[in-house]
Amino acid sequence: MKAIYENHYLSDRDVANFARQSFGKLADQFPTEQNNNLIRFLARGMKTGDWEALIDSMILAVTKEQATKLANYLRKIPEHWVPFGHPHISLRMQAPVPIARQAFKHKIGFVESEESRRYISSRPELFVPEHFRATAENVKQGSAGVHPLSDHWRGVYERKCTEMIETYLLAIDSGVCPEQARLFLPQGCEVNWVWTGSLYAFANFYNQRSDSHAQVEIQQLAEQVNEIIAPLYPVSWAALTGK
């Protein structure tokens with residue numbers, strides 16, 4: 001399971017540049033830090049001083065009424081997302097089928113080109129988790145810590161999945177068409193795709209999928225995406241994700 005950099009378009013400077021388009025101005029006409037403050041304003045919906053004052057008021061909130069008022073205010077802060085929609089990043093992704101499908105749920109601002117086993121018949125890679133986790137007691141989905149029989153189920157998983165991959169290859173060798181032979185493949189097989197999205201779209205993906213309630217495997221994939229994009233757009237990414 002991995003994310004690999006392919007290419008990217010534009011920079012933090014361009015985010016500020018396009019934001020200033022409304023006034024017919026260019027980022028080069030302003031000091032770098034002033035452009036960086038503009039980027040933070042776009043992402044937060046407020047000036048840096050107001051942002052710090054808001055944080056201070058949250059620290060000082062002592063009653064439920066005060067906390068509720070702040071929470072409702074945060075929900076209504078306007079987000080100026082358009083300048084973050086111009087920069088685009090392309091990544092080469094690899095993940096097991098269920099994780100890829102979770103990633104594909106992020107539609108707005110993304111396009112994906114996925115390999116198709118209608119046309120290829122090479123041996124797929126099997127994703128093997130380090131541990132199998134126990135069911136969480138207090139949620140309908142998600143997981144708790146390491147399952148007490150993790151090693152046993154990991155062995156069963158590898159054995160059964162390897163058997164099905166071998167069956168797939170045998171079907172291909174016997175002349176079964178690839179588009180049907182692929183039905184033998186288990187969910188744990190890795191799929192590969194090129195993923196292109198706007199800076200804003202990737203930030204939304206990261207914010208949602210790095211959350212502790214997300215599946216652990218997609219949290220890990222989201223962190224790889226973060227490690228790639230953060231150095232490309234250091235100011236914008238930090239403002240959009242809080243990193």
Side-chain angles (χ1 to χ4, degrees), residues 1-4 58 64 67-68 71-72 74-75 91-110 112 114-117 122-171 180-195 197 200-230 237 240-243:
M1 188 170 64
K2 56 192 174 185
I4 300 174
M58 293 172 69
K64 184 175 181 179
T68 301
N72 287 328
L74 286 169
R75 291 178 61 193
L91 305 177
R92 288 194 175 272
M93 309 291 293
Q94 183 181 60
V97 173
I99 305 306
R101 296 300 168 262
Q102 287 182 38
F104 288 2
K105 288 182 179 179
H106 297 265
K107 294 296 184 185
I108 299 176
F110 282 109
E112 64 272 346
E114 182 184 358
E115 68 181 10
S116 173
R117 288 204 165 268
S122 58
R123 185 186 187 95
E125 292 185 50
L126 179 65
F127 173 76
V128 181
E130 183 178 358
H131 304 290
F132 273 85
R133 300 183 295 277
T135 302
E137 295 181 359
N138 58 346
V139 292
K140 293 181 180 179
Q141 59 183 357
S143 56
V146 178
H147 191 282
L149 298 177
S150 174
D151 290 344
H152 165 74
W153 287 116
R154 191 173 187 270
V156 171
Y157 167 78
E158 288 191 77
R159 185 170 64 255
K160 295 291 187 181
C161 288
T162 300
E163 179 183 339
M164 294 310 297
I165 291 172
E166 294 294 344
T167 302
Y168 162 77
L169 295 172
L170 286 172
Q180 286 187 310
R182 62 183 173 172
L183 298 174
F184 287 109
L185 291 173
Q187 289 274 293
C189 285
E190 304 242 31
V191 295
N192 298 280
W193 75 97
V194 175
W195 211 17
Y200 185 75
F202 272 112
N204 280 339
F205 163 77
Y206 176 75
N207 288 337
Q208 292 182 39
R209 298 301 179 172
S210 63
D211 185 87
S212 61
H213 295 92
Q215 185 171 337
V216 171
E217 284 77 15
I218 203 164
Q219 287 185 51
Q220 295 168 347
L221 192 63
E223 188 54 42
Q224 291 188 48
V225 170
N226 168 59
E227 290 172 1
I228 292 171
I229 298 179
W237 190 253
L240 288 168
T241 67
K243 296 295 288 184

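Residues Val216 and Ser143 share a closest heavy-atom pair of CG2-OG, 4.5 Å. Here the shortest heavy-atom pairing between Val191 and Glu115 reads CA-OE2, 3.7 Å.
Applying the side-chain contact (heavy atoms from CB on, under 4.5 Å) criterion to Leu170, with sequence neighbours excluded, gives no partner residue. Under the rule for a side-chain contact (heavy atoms from CB on, under 4.5 Å), the partners of Cys189 that lie at least two apart in sequence or sit in another chain are Pro124, Ile165, Leu185, Pro186. Shown here are the ring pair (Phe, Tyr, Trp, His ring centres under 6.0 Å) partners of Phe127, two or more places apart in sequence or in another chain: there are none. Not counting sequence neighbours, the partners of Ala95 by the side-chain contact (heavy atoms from CB on, under 4.5 Å) test are Met1, Ile99, Trp193, Leu221. The ring pair (Phe, Tyr, Trp, His ring centres under 6.0 Å) search around Phe205 returns His106, Trp195, not counting sequence neighbours. For the side-chain contact (heavy atoms from CB on, under 4.5 Å) test, residues two or more places apart in sequence or in another chain that qualify with Leu149 are His147, His152, Trp153. Shown here are the side chain to side chain donor-acceptor pair (under 3.5 Å) partners of Tyr157, two or more places apart in sequence or in another chain: there are none. Annotation: side chain to side chain donor-acceptor pair (under 3.5 Å) contacts of Gln208 (sequence neighbours excluded): none. Evaluation of the salt bridge (Lys or Arg N to Asp or Glu O under 4.0 Å) rule for Lys107 yields Glu112 as partners, not counting sequence neighbours. Remark: Asn204 pairs with no residue by the side chain to side chain donor-acceptor pair (under 3.5 Å) rule, at least two apart or across chains.
The salt bridge (charged side-chain N to carboxylate O under 4.0 Å, His left out) pairs that include a residue from residues 145-162 are Arg154-Glu158, where partners are two or more places apart or lie in different chains. Within the structure, the salt bridge (charged side-chain N to carboxylate O under 4.0 Å, His left out) test picks out the following pairs touching residues 205-228 (sequence neighbours left out): Arg133-Glu217.
Going from atom CG of Leu169 over to atom CZ of Phe184 covers 11.5 Å, rounded to the nearest 0.5 Å. To the nearest 0.5 Å, atoms OG1 (Thr241) and OH (Tyr206) are separated by 6.0 Å.
Between the side chain of Asn226 and the backbone N or O of Ala222, no donor-acceptor pair lies under 3.5 Å. Although no hydrogens or angles enter the test, the distance criterion places a donor-acceptor pair under 3.5 Å between the side chain of Gln219 and the main chain of Ala214.
Side chains of Val225 and Met93 form a contact here, defined as non-hydrogen atoms less than 4.5 Å apart.
Summarising the local packing, CZ of Phe132 is surrounded by more than 12 heavy atoms from other residues, nucleotides or ligands at distances under 6.0 Å.
Between Lys2 and Glu190, no side-chain nitrogen of the basic residue sits less than 4.0 Å from a carboxylate oxygen of the acidic one, so the salt-bridge criterion is not met.
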